[in-house]
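See structure below.
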Amino acid sequence: MTTRDPRATALARFAALFADETRAACLLALLDGRAWTAGELARHSGVAASTLSEHLGRLVAGGLLTEERQGRHRYVRLADARIAQLVEDLASQVPSGTAVRPRNLRESSAHSAMARGRTCYDHLAGRLGIAVTDALTARGLLEQETGFALTDAGMEWFVSAGIALDRHSRRPLARACLDWTERRPHLAGVAGAALCRHALDTGWCVRIGSERAVKVTAAGERALLDLLGVEAAALR
C-alpha cells in the first residue's frame, strides 16, 4: 500500500492560489515592487472590488501577499523577493506564442514597452535587463559559467559607479532570473536590486504607464555607454 506524501495536499493548495486569472493578474502587477490599493488592483484586473477582496484574502492567507491599512485604504504587496522570483519563474514557463494577443493599439504599445524595459520586482528586466547583464558579463564583471556571481572586478565596478551593495543581506549577491519575454537570464539578487534602484534614483530610467515598464533616458543612455559600453540601439 502506497502512502501519500503529506506535502501533496499543501502543495496542491499552494499551487491553486496561482490557478486563477484574476489572482495571476494581481501577482504580475505587484511585480513592480510597489504597494497597490485593493481598488487599484480591482480596476487593473477588471473585476468588482468585492470580488477582488476575496482573491486578496486568499493570497494574503496563503503567504503570497502582505497587507497594511492606512486609514480607509488597504495596501498589498508581494510578501518578499522569493515570492517575486516564483511568480516571474512561473511566467517564464508559459510556452512562447500562447500568450493572448493585444486587443488594441494601446495594449500593443504597453506590451512593447514592457518587453523593451521593465522592473521585475526590484531589478531590471526585458531587453534593458538583458543588455546590462550581457555587458557586465562581456567585461568580466559578472560570471555566468556556474551560476551568477560578481567577480572581484565586478565588485570594484559597483564601488566605482557609486552603487552601494548591501553585503549583510540574506539574499544572494547575484542571482539569475529567467526573463519571460527574452527567455534568457538577467541579473537579480542584491546587485540587481542595487543597480535598478540606482538607475531610477539617478534618472537613468523613468517609469512609464501604469505597469512595470521603464524607459531609459538620454542621461541613462550616456551613463550605460560610458560605464558598460551599452549602445543606445540595444535599449530601444
Between Arg118 and Arg207, is a side chain to side chain contact (heavy atoms under 4.5 Å, CB included) present by the stated rule, with each step listed?
CA-CA 8 Å; Arg118 65 182 182 277; Arg207 294 186 184 275; over 6 Å; no
What do the steps show when you test Thr151 against Glu143 for side-chain hydrogen bond (donor to acceptor under 3.5 Å, both in side chains), and what is the final call?
CA-CA 6 Å; Thr151 63; Glu143 175 62 55; over 6 Å; no
Taking every heavy atom of Asp122 against every heavy atom of Cys196, the minimum-distance pair comes out as O-CB, 3.3 Å
Let me confirm one number: the OH-CD distance from Tyr121 to Gln85, rounded to the nearest 0.5 Å.
11.5 Å
If you round to the nearest 0.5 Å, how far is CG of Leu187 from SG of Cys120?
11.0 Å
Please check if Leu225 and Ile130 belong to a single hydrophobic cluster, counting links between Ile, Leu, Val, Met, Phe, Trp and Tyr side chain heavy atoms closer than 4.5 Å.
no
Could you tell me the separation between the OG1 atom of Thr133 and the CD atom of Gln144, rounded to the nearest 0.5 Å?
7.0 Å
Using a strict cut-off of less than 4.0 Å between a Lys/Arg side-chain nitrogen and an Asp/Glu carboxylate oxygen, indicate whether Arg184 and Asp134 qualify as a salt bridge.
yes
Got Phe18 and Val87 here, is their nearest side-chain heavy-atom distance under 4.5 Å?
yes
List the steps, then state whether side chain to side chain contact (heavy atoms under 4.5 Å, CB included) holds for Glu67 with Leu56.
CA-CA 9 Å; Glu67 65 176 339; Leu56 291 184; over 6 Å; no
Indicate the atoms forming the closest heavy-atom contact of Ser45 with Ala25, along with that distance.
OG-CB, 4.0 Å
If you take all heavy atoms of Ala135 and Val230, which pair is closest and at what distance?
CB-CG2, 3.6 Å
Could you tell me whether the side chain of Val132 reaches within less than 4.5 Å of the side chain of Leu228, counting heavy atoms only?
yes
On a heavy-atom basis, the closest approach of Thr181 and Gly126 is OG1-CA, 4.0 Å
Tell me if the CG atom of Asp152 is crowded by more than 12 foreign heavy atoms within 6.0 Å.
no
Rounding to 0.5 Å, atoms CG (Leu227) and CG (Leu136) come to a distance of 10.0 Å
Trp204 reachable from Trp157 in the ILVMFWY side-chain graph, under 4.5 Å edges
yes
Taking C-beta and beyond as the side chain, do Arg77 and Leu65 meet within less than 4.5 Å on heavy atoms?
no
Can Leu142 and Leu150 be said to form a side chain to side chain contact (heavy atoms under 4.5 Å, CB included), step by step?
CA-CA 5 Å; Leu142 177 68; Leu150 289 183; 4.1 Å; yes
Run the side chain to side chain contact (heavy atoms under 4.5 Å, CB included) test on Arg197 and Asp201 for me, step by step, so that the C-alpha distance in whole Å, both residues' side-chain angles and the decisive distance to 0.1 Å come before the verdict.
CA-CA 6 Å; Arg197 184 169 56 252; Asp201 289 346; 3.4 Å; yes
Quick one: NE2 on His73 to CZ on Arg69, what's the gap to the nearest 0.5 Å?
11.5 Å
Hey, what do you get for CZ (Arg175) to NE2 (His123), rounding to the nearest 0.5 Å?
6.0 Å
Considering non-hydrogen atoms only, spot the tightest contact between Ala79 and Gly63 and give its length.
CB-O, 3.3 Å
Is the closest side-chain heavy-atom distance between Thr51 and Thr22 below 4.5 Å?
no
Are side-chain heavy atoms of Leu128 and Cys205 found at a separation under 4.5 Å?
yes
Contact check, side chains of Phe14 and Leu86, non-hydrogen atoms, under 4.5 Å
yes
Given side chains that start at C-beta, do those of Thr119 and Val214 come closer than 4.5 Å, heavy atoms only?
yes
Give the cluster check for Leu178 versus Leu90: same hydrophobic cluster or not, with ILVMFWY residues linked at side-chain heavy-atom distances below 4.5 Å.
no
So do Val76 and Leu41 actually touch side chain to side chain, heavy atoms under 4.5 Å?
yes
Do any N or O atoms from the side chain of Ser169 and from the backbone of Asp166 form a donor-acceptor pair under 3.5 angstrom?
no
Identify whether Val47 and Leu59 are in the same connected component of the hydrophobic contact network (ILVMFWY, side-chain heavy atoms under 4.5 Å).
yes
Quick one: does Arg23's side chain have a donor or acceptor within less than 3.5 Å of a partner on Ala16's backbone?
yes
What are the two closest heavy atoms between Met114 and Ala213, and how far apart are they?
SD-N, 3.6 Å
